[in-house]
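Here is the structure we will look at, set down as structure tokens.
For reference, positions follow the sequence shown, starting with 1. All values reported here derive from a predicted model rather than from experimental measurement. Basis for what follows: all heavy atoms, side chains included, without hydrogens, waters or symmetry-related copies.
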Amino acid sequence: MMNLFSKNNEFIITIEVVPPEGNNPEELLGKLSSLANLSFHAFSVASNPVAKPKMSAMVFTHLIQKATQKPAILHCTIRDHNRLGLQSELWGAKALGIDTVIAVTGDPSASKSEMITSTVGDLNVFELITMARDSDLYTGCVLDFRPEVNGLEHEAKRLEKKVASGCRFIVTQPVYDEKTAKKIHAAAGRLKVPVIMGILPLLSYKHAVFLHDRVDGIAVPKPLRQQMEKAKDPVKEGVAQARSMLELAKKMYSGACIMPPFDRFDILKDILIN
């Protein structure tokens, strides 16, 4: 079983990828293959983020591993499958050479979606973690510290239950300041499992405001939003801020998951420079 965290406490960097819409993976696979020489350890493949349909995350995870020869982590969500379907997905993933998964609840189905959807939810995320562990998969979970409602204390208690259920590593929602990073480190660090800091680079002032106002689980501090508003080159500013968060993560965390927005993988070379 692949364990990214077994190499002498090496700092682990993953790159989050959203599968393409539709049935043609070639363009995105080409972009990802071009990243192979950058200094990171694995891809992390989201499953229908913000409840919008994308190509099967399990299929795309397999295709990434085949095309890039790098490991890829599969996100599994209780939103899209019932207990029967999830067990099939986990066994299928293992058969395809996928060794690591992240168990998540999943963004709620959009009430105004053009498609009629419903949440399956006949098991909870704790049960999914145990199911993945029992399927011989190295299993992680997500820490959504819910800054919009000061929810870190509540989520820390959920983390304890996730670790007890079989979670072997934790990935946080995007972090944008040292104060938040320290709070999360204090809350999650005592659980004795690797914690991976989420880093979502900002591309513009509008992007920063949208994330802060419209995306649950993400808080972009006001000084940073003002900084993005004043920046002559917002993308350069966002890359520099992401790089500073990566350096902070190296001092406090076991790794970082970089989440390039809108498939902007071109900015990674400037974030990952030594």
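- Both L203 and I271 sit in one connected hydrophobic cluster of ILVMFWY residues. Membership requires side-chain heavy atoms under 4.5 Å apart, directly or through other members.
- Without hydrogens or angle criteria, D122 side chain to N82 main chain gives no donor-acceptor distance under 3.5 Å.
- Looking at H154 and R158, their side chains come closer than 4.5 Å, going by heavy atoms from C-beta outward.
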- Worked verdict on K206 versus V209 for side-chain contact (heavy atoms from CB on, under 4.5 Å): CA-CA 5 Å; K206 183 178 179 181; V209 171; 5.9 Å; no
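- In this structure, L268 and P260 have side chains that are in contact, with non-hydrogen atoms separated by less than 4.5 Å.
- For the pair L152 and I184, the tightest heavy-atom approach, listed with the atom from each and the gap, is CD2-N, 4.1 Å.
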- K52 vs E21, side-chain contact (heavy atoms from CB on, under 4.5 Å): CA-CA, chis, key distance, verdict: CA-CA 9 Å; K52 298 289 186 180; E21 185 176 336; over 6 Å; no
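- Between Y138 and F169, the angle of the ring planes stays under 30°, which puts this pair in the parallel group of the 30/60° scheme.
- Tested against Y176 for a side chain to side chain contact (heavy atoms under 4.5 Å, CB included), the candidates Q241, M245, R225 yield a single pass: Q241.
- Distance alone, capped at 3.5 Å, places no donor-acceptor pair between the K31 side chain and the F265 backbone.
- Taken together through direct or relayed side-chain contacts under 4.5 Å among Ile, Leu, Val, Met, Phe, Trp and Tyr, F40 and V175 form part of one hydrophobic cluster.
- Pairing each heavy atom of A208 with each of M228, the nearest pair is CB-CG, 4.5 Å.
- With a 4.5 Å cut-off on side-chain heavy atoms, C141 and I170 count as touching.
- Taken to the nearest 0.5 Å, the CG atom of N37 stands 13.5 Å off from the NZ atom of K269.
- Not a single donor-acceptor pair under 3.5 Å links the side chain of Q87 to the backbone N or O of L84.
- No path of Ile, Leu, Val, Met, Phe, Trp and Tyr side chains, each step under 4.5 Å between heavy atoms, connects V125 with V45, placing them in separate hydrophobic clusters.
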- Query: So D80 and T77, side chain to side chain donor-acceptor pair (under 3.5 Å) or not? Walk me through it.
  - Reply: CA-CA 6 Å; D80 300 335; T77 169; 4.9 Å; no
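- To the nearest 0.5 Å, atom CG of residue L74 and atom NE2 of residue H62 are 12.5 Å apart.
- With contacts defined as side-chain heavy-atom distances shorter than 4.5 Å, the pair P261/H207 qualifies.
- Between C257 and T14 there is a side-chain heavy-atom pair separated by less than 4.5 Å.
- Salt-bridge check for E178 with K182: passed, with a basic side-chain N closer than 4.0 Å to an acidic carboxylate O.
- Electrostatic pairing of E155 and K162 does not count as a salt bridge here, judged by no charged N lying under 4.0 Å from a carboxylate O.
- Here the side chains of L32 and F60 are in contact, with some heavy-atom distance below 4.5 Å.
- L86 and W91 fall into different hydrophobic clusters, defined by Ile, Leu, Val, Met, Phe, Trp and Tyr side-chain heavy atoms under 4.5 Å apart, directly or through other members.
- Distance alone, capped at 3.5 Å, is enough to place a donor-acceptor pair between the T130 side chain and the S165 backbone.
- The main-chain N or O of G198 is found under 3.5 Å from a side-chain atom of T172 such that the two form a donor-acceptor pair.
- Annotation for N24: atom CG counts as buried by contact number, over 12 foreign heavy atoms lying within 6.0 Å.
- Remark: K157 does not engage E160 in a salt bridge, criterion side-chain N to carboxylate O under 4.0 Å.
- Looking at every heavy atom in both residues, S254 comes nearest to I196 through C-CD1, 4.1 Å.
- Transitive grouping of hydrophobic side chains (ILVMFWY, heavy atoms separated by less than 4.5 Å) keeps I73 and V18 in distinct clusters.
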- Message: For a side-chain contact (heavy atoms from CB on, under 4.5 Å) check, start with the C-alpha distance between C167 and T139, then their side-chain angles and the critical distance, and finish with the verdict.
- Response: CA-CA 5 Å; C167 170; T139 306; 5.7 Å; no
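- Using a 4.5 Å cut-off on side-chain heavy atoms (C-beta onward), L202 and L211 make contact.
- Remark: S204 OG to E237 CD distance equals 12.5 Å, nearest 0.5 Å.
- For the pair E89 and M58, the tightest heavy-atom approach, listed with the atom from each and the gap, is O-SD, 3.3 Å.
- The heavy-atom pair separating A57 from P19 by the smallest distance is CA-CG, 4.2 Å.
- Considering every non-hydrogen atom in both L128 and L123, the closest pair reads N-CD1, 3.9 Å.
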- Message: What verdict does the side-chain contact (heavy atoms from CB on, under 4.5 Å) test give for R168 and R133, after you've listed the backbone C-alpha separation in whole Å, the side-chain angles of each residue and the deciding distance to 0.1 Å?
- Response: CA-CA 9 Å; R168 305 276 296 279; R133 179 203 64 192; 5.9 Å; no
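- In this structure, K161 is positioned above the aromatic face of F126, its NZ or CZ under 6.0 Å from the six-membered ring centre and within 45° of the axis.
- Here CD1 of I13 is found 10.0 Å from CG of L38. Values are rounded to the nearest 0.5 Å.
- Taking CD1 from I199 and CD1 from I258, the interatomic distance works out to 5.5 Å, rounded to the nearest 0.5 Å.
- Put simply, the side chain of H41 never gets that close to the backbone of I12: no donor and acceptor are under 3.5 Å apart.
- N48 places no side-chain N or O within 3.5 Å of a backbone atom of P53 that could act as its donor or acceptor partner.
- Looking at L28 and M55, their side chains never come closer than 4.5 Å, going by heavy atoms from C-beta outward.
- Note that CD1 of I129 is 13.0 Å distant from CG of L137, once rounded to the nearest 0.5 Å.
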